[in-house]
Amino acid sequence: MKAEFGRLLLSWYAIHARSMPWRGKTDAYAIWVSEIMLQQTQVNTVIPYYNNWMQKFPTVQALAAADEHEVLNAWEGLGYYSRARNMLKAARQVCDKYQGVFPSSSEELRRLPGIGRYTAAAISSIAFGANEAVLDGNVKRVLARVYEFSEEVNTPEGEKKLWLLAAELLPRGEASAYNQAVMDLGATICTPKSPDCANCPVNSICLSYKHLCQGEFPVMHEKPPVPHIDVVAAIFRQNGKVLIARRPSKGLLGGLWEFPGGKLEEGESHAEALTREIREELGVEAAAVEKFGVYRHAYTHFRVTLQAWFAEIEGGQPTALEASELRWVKIEALGDYPMGKIDRSISNDLQK
DNA sequence: GAGCCGTGGTT
DNA sequence: TAACCAAGGCT
């Protein structure tokens, strides 16, 4: 039964494998770039970023020689920006410690920043043919349905058992194709909602299909509700330039640029919050002048409604008290500065 | 080890 | 519309 799963999947994959720019390659750098980009990110989103990245940074040496600003510019819009910062660190480590050649074992790969258990197994199997099974969201869903895995798949205990099951199912010598086959199946057939069981290559051995209970798997541990916060941002204009601040390199949107501002406190108006935040952040007195726009955005753990206001500094020179850097930038040049989605929207609207 | 970390697609 | 979730890792 367990060997049959792999055989069915490999036969299906030989015909139905999706086409991707990194598929068929065994260059560890190319596989690494694709796997980091694919973390929590769908294939179709990754493809244009991958192509642009490989053109800009074709080798690990080229990436190691880049600076963080360039790297974040190439990453802008992909999210989870620590991935980009960690890639730069890892590229430099590969050049310094491994003479620019990626290590082939998952143990050594995992020592590089940004490479965890999944990514180490993916790179070692796809680039080097190692007998390592992967476990990601797709594999969890497929295994949970095929084997009616009744424990929560997103808890340490559930994951521990699924890693063992994944390893048992791995057809030795076929790890590269097999791993990609399970993930393709999860992405195209065994989807989270309304899976296409009629066309599934493993429906003959799938227990939840047999019992028509696909909707009950995988069992997920409930996630806490996401809070909503109100935020204000200040647009200071001076001689055709606007003031932007670079966020600290750690934490949310680390290293990206933004219009200064912050959260409203209880009972505070946007204008009051703007004055307070600018005093705390830039060390100057400022006043909101005119509302520019309202922006909404959903992050993973909270939702934001942001009001952007034109504002004026009433005295003093802005200092980077909380930001890592401040800069007056021509509106036409805002595109050169990596930003998160909301601040990019503000920038684009300012250029209209 | 539980919470943090983005954005876009899908339903 | 709002919720879900995606080729996860870090602290």
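Predicted model, so just to flag it, every value in this text is computed and none were measured. FYI, side chains are in, hydrogens and waters are out, and symmetry mates aren't considered; it's all heavy atoms of this structure. Chain identifiers are assigned alphabetically (A, B, ...) following the order of the sequence lines, protein sequences preceding nucleic acid strands; residue numbering begins at 1 within each chain.
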- Query: Whole Å only: how far is the CZ atom of A:R83 from the C1' atom of C:dA7?
  - Reply: 11 Å
Every protein N/O lying under 3.5 Å from an N/O of nucleotides 7-11 of chain B:
unit_1	atom_1	unit_2	atom_2	d
B:dT7	OP1	A:Y81	OH	2.9
B:dT7	OP1	A:K341	N	3.0
B:dT7	OP2	A:H297	NE2	3.1
B:dT7	O3'	A:G77	O	3.3

- Message: How many whole angstroms separate atom NE2 of A:H228 from atom C1' of C:dA3?
- Response: 15 Å
- Compare side-chain N and O positions of A:R303 against OP1 and OP2 of C:dA3 and report whether any pair is under 4.0 Å apart. yes
- Rounded to whole Å, the CD1-P distance (A:I115 to C:dC10) equals 9 Å
- Task: Could you tell me whether A:R344 contacts a base, only the sugar-phosphate backbone, or nothing, with contacts defined as non-hydrogen atoms closer than 4.0 Å?
- Result: nothing
- Task: Please state how far atom NE2 in A:H221 lies from atom P in B:dA2, giving the value in whole angstrom units.
- Result: 7 Å
- Message: Which label fits A:H297 and A:Y299: parallel for a plane angle under 30°, tilted from 30 to 60°, or perpendicular past 60°?
- Response: perpendicular
- Message: What's the closest nucleotide to the side chain of A:A187 if the choices are C:dA7, C:dG9, B:dG6?
- Response: C:dA7
- Phosphate OP1/OP2 of C:dA6 contacted by A:R141 side-chain N/O (<4.0 Å): yes
- Message: Under 4.0 Å, heavy atoms only, any strand: does A:P113 hit a base, just the sugar-phosphate, or nothing?
- Response: sugar-phosphate
- From the options A:L162, A:L165, A:V182, select the one residue that forms a side chain to side chain contact (heavy atoms under 4.5 Å, CB included) with A:L135. A:L162
- Item | Given DNA chain B, 5'-ward residue of the pair A:P156 and A:S82, judged by closest heavy atom | A:P156
- A:F302 has an atom CZ; how far is it from atom P of C:dA3, in whole Å? 16 Å
- Message: If you assign each of A:L112 and A:M20 to its closest nucleotide in DNA chain C, which residue comes earlier from the 5' end?
- Response: A:M20
- Message: Please pick, from C:dA7, B:dC5, C:dC10, the nucleotide with the shortest atom-to-atom distance to any side-chain atom of A:H301.
- Response: B:dC5
- Query: What heavy-atom pair brings A:A120 and A:I115 nearest, and what distance separates the two atoms?
  - Reply: N-CG2, 3.5 Å
- Query: Just how far, in rounded Å, is P of C:dC4 from CG of A:N154?
  - Reply: 12 Å
- Task: Starting at atom CD of A:E35, determine the distance to atom P of C:dG9, rounded to an integer number of angstrom.
- Result: 9 Å
- Message: Distance check, rounded to the nearest 0.5 Å: A:Q214 atom CD versus A:E216 atom CD?
- Response: 9.0 Å
- Task: In whole angstrom, give me the gap between the P atoms of C:dA7 and B:dT10.
- Result: 12 Å
- With a 6.0 Å cut-off on ring centres, are A:W53 and A:F57 close enough? yes
- Considering only heavy side-chain atoms of A:T41, the closest of B:dG6, C:dC10, C:dG8 is B:dG6
- Checking all strands, does A:R110 fall into the base, sugar-phosphate, or nothing category for heavy-atom contacts under 4.0 angstrom? nothing
- Task: Round to the nearest Å and state the distance from A:K223 atom NZ to C:dG8 atom C1'.
- Result: 12 Å
- Query: Would you find more than 12 non-hydrogen atoms of other residues, nucleotides or ligands less than 6.0 Å from A:R296 atom CZ?
  - Reply: no
- Should we say atom CG of A:N44 is surrounded by more than 12 heavy atoms from elsewhere, each under 6.0 Å from it? no
- Message: Would you say the ring centers of A:F292 and A:W309 fall short of 6.0 Å from each other?
- Response: no
